[in-house]
Amino acid sequence: RKEVEQDPGPFNVPEGATVAFNCTYSNSASQSFFWYRQDCRKEPKLLMSVYSSGNEDGRFTAQLNRASQYISLLIRDSKLSDSATYLCAGRAGSYQLTFGKGTKLSVIP
Amino acid sequence: ETGVTQTPRHLVMGMTNKKSLKCEQHLGHNAMYWYKQSAKKPLELMFVYSLEERVENNSVPSRFSPECPNSSHLFLHLHTLQPEDSALYLCASSQDPRPQGSGYTFGSGTRLTVV
């Protein structure tokens, strides 16, 4: 079983739609979780950290469900500029972040 | 300069060549990483350096050789690579032990093509 799994998509949604991504992790010792955004042919950039209590940043909401071992990212009122690949990552030890393959989002006019 | 800088941005090399990738971070971080990103695969951790000492080496072939002369610089020396080594090589840095919620900062990557 892969350590971090994501639906690769693509998710094609119209502007203004709400879209949600889930990511499951297999290592129950994972302590910290993150969502990264990666544009085509660019490096990943940290979008949000994911806290147990859930956290919100504008149109983006991240949640963690430790019992079911998944994290989620909700994007409200999608913009064309949200089109990218979204990577989830988890950390169990001191250093290593383990990434999923990413979920591709295309927001369509 | 700010953030994490990688050079070169693009590299084409033959299988018999020797080349080096360079990474420099200006964030005062104490840990640096090399990741490989291939098409349709997740980011694969290659090497981790913390306080200039290698702390992880994830079964990477010996044709990849890392070097960390100080906490701001990281190199990846390449020799006798194979075409399947063509990928985007990403450097990242972090501050460890890190505060809760602190992730990595990535460089823009070197897109390597082995011919």
Side-chain angles (χ1 to χ4, degrees), chain A residues 1-10 23-27 30-57 62-64 66 71 73 84-104, chain B residues 3-7 9-10 21 23 25 27 29-51 53-60 68 87-113:
Chain A
R1 182 182 174 182
K2 299 182 180 67
E3 288 196 48
V4 178
E5 292 201 63
Q6 295 181 252
D7 181 343
C23 172
T24 58
Y25 61 94
S26 59
N27 188 346
S30 296
Q31 300 165 331
S32 305
F33 302 91
F34 307 90
W35 282 103
Y36 280 79
R37 170 194 170 127
Q38 187 172 24
D39 292 289
C40 187
R41 306 187 75 81
K42 296 285 183 73
E43 75 275 20
K45 293 187 177 177
L46 182 65
L47 179 66
M48 299 180 75
S49 303
V50 187
Y51 303 122
S52 296
S53 56
N55 47 306
E56 188 173 315
D57 182 3
Q63 293 197 310
L64 166 63
R66 287 193 185 275
I71 64 173
L73 178 68
T85 296
Y86 291 83
L87 306 170
C88 68
R91 178 170 65 92
S94 297
Y95 306 102
Q96 181 174 342
L97 274 184
T98 301
F99 287 85
K101 287 186 183 181
T103 298
K104 185 173 181 181
Chain B
V4 180
T5 305
Q6 284 187 247
T7 55
R9 293 293 301 274
H10 301 273
L21 310 185
C23 177
Q25 60 96 1
L27 300 168
H29 288 167
N30 61 6
M32 297 185 77
Y33 312 80
W34 280 116
Y35 274 85
K36 174 183 178 182
Q37 189 174 38
S38 306
K40 302 191 186 302
K41 287 188 176 181
L43 282 159
E44 300 170 59
L45 179 65
M46 300 176 73
F47 301 104
V48 180
Y49 276 83
S50 178
L51 298 172
E53 288 193 22
R54 191 189 310 181
V55 295
E56 285 200 39
N57 175 349
N58 280 5
S59 303
V60 178
C68 187
L88 179 67
Y89 288 84
L90 289 159
C91 174
S93 70
S94 69
Q95 181 65 26
D96 284 293
R98 72 195 73 171
Q100 182 70 20
S102 181
Y104 295 169
T105 301
F106 283 92
S108 53
T110 295
R111 188 159 295 280
L112 173 67
T113 304

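In what follows, chains carry the letters A, B, and so on, assigned in the order in which the sequence lines appear, proteins first and then strands, with residues in each chain numbered from 1.
At least one side-chain heavy atom of A:Leu97 sits under 4.5 Å from a side-chain heavy atom of B:Tyr104. Within the 4.5 Å cutoff, the side chain of B:Leu90 has heavy atoms near those of the A:Pro44 side chain. At a threshold of 4.5 Å between non-hydrogen side-chain atoms, the residues A:Glu43 and B:Gln6 do not count as touching.
Residues B:Phe106 and A:Tyr36 place their aromatic rings such that the two centres sit under 6.0 Å apart.
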Quiz item: Going through the checks in order, is the side chain to side chain contact (heavy atoms under 4.5 Å, CB included) test met by B:Leu43 and A:Gln38?
Solution: CA-CA 12 Å; B:Leu43 282 159; A:Gln38 187 172 24; 5.6 Å; no
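Every residue was checked against the salt bridge (Lys or Arg N to Asp or Glu O under 4.0 Å) condition with B:Glu44, not counting sequence neighbours, and none meets it. With sequence neighbours left out, A:Ser30 forms a side-chain contact (heavy atoms from CB on, under 4.5 Å) with A:Tyr25, A:Asn27, A:Phe33, A:Ala92.
The OG atom of B:Ser108 sits 12.5 Å away from atom CZ of A:Arg41, with the distance rounded to the nearest 0.5 Å.
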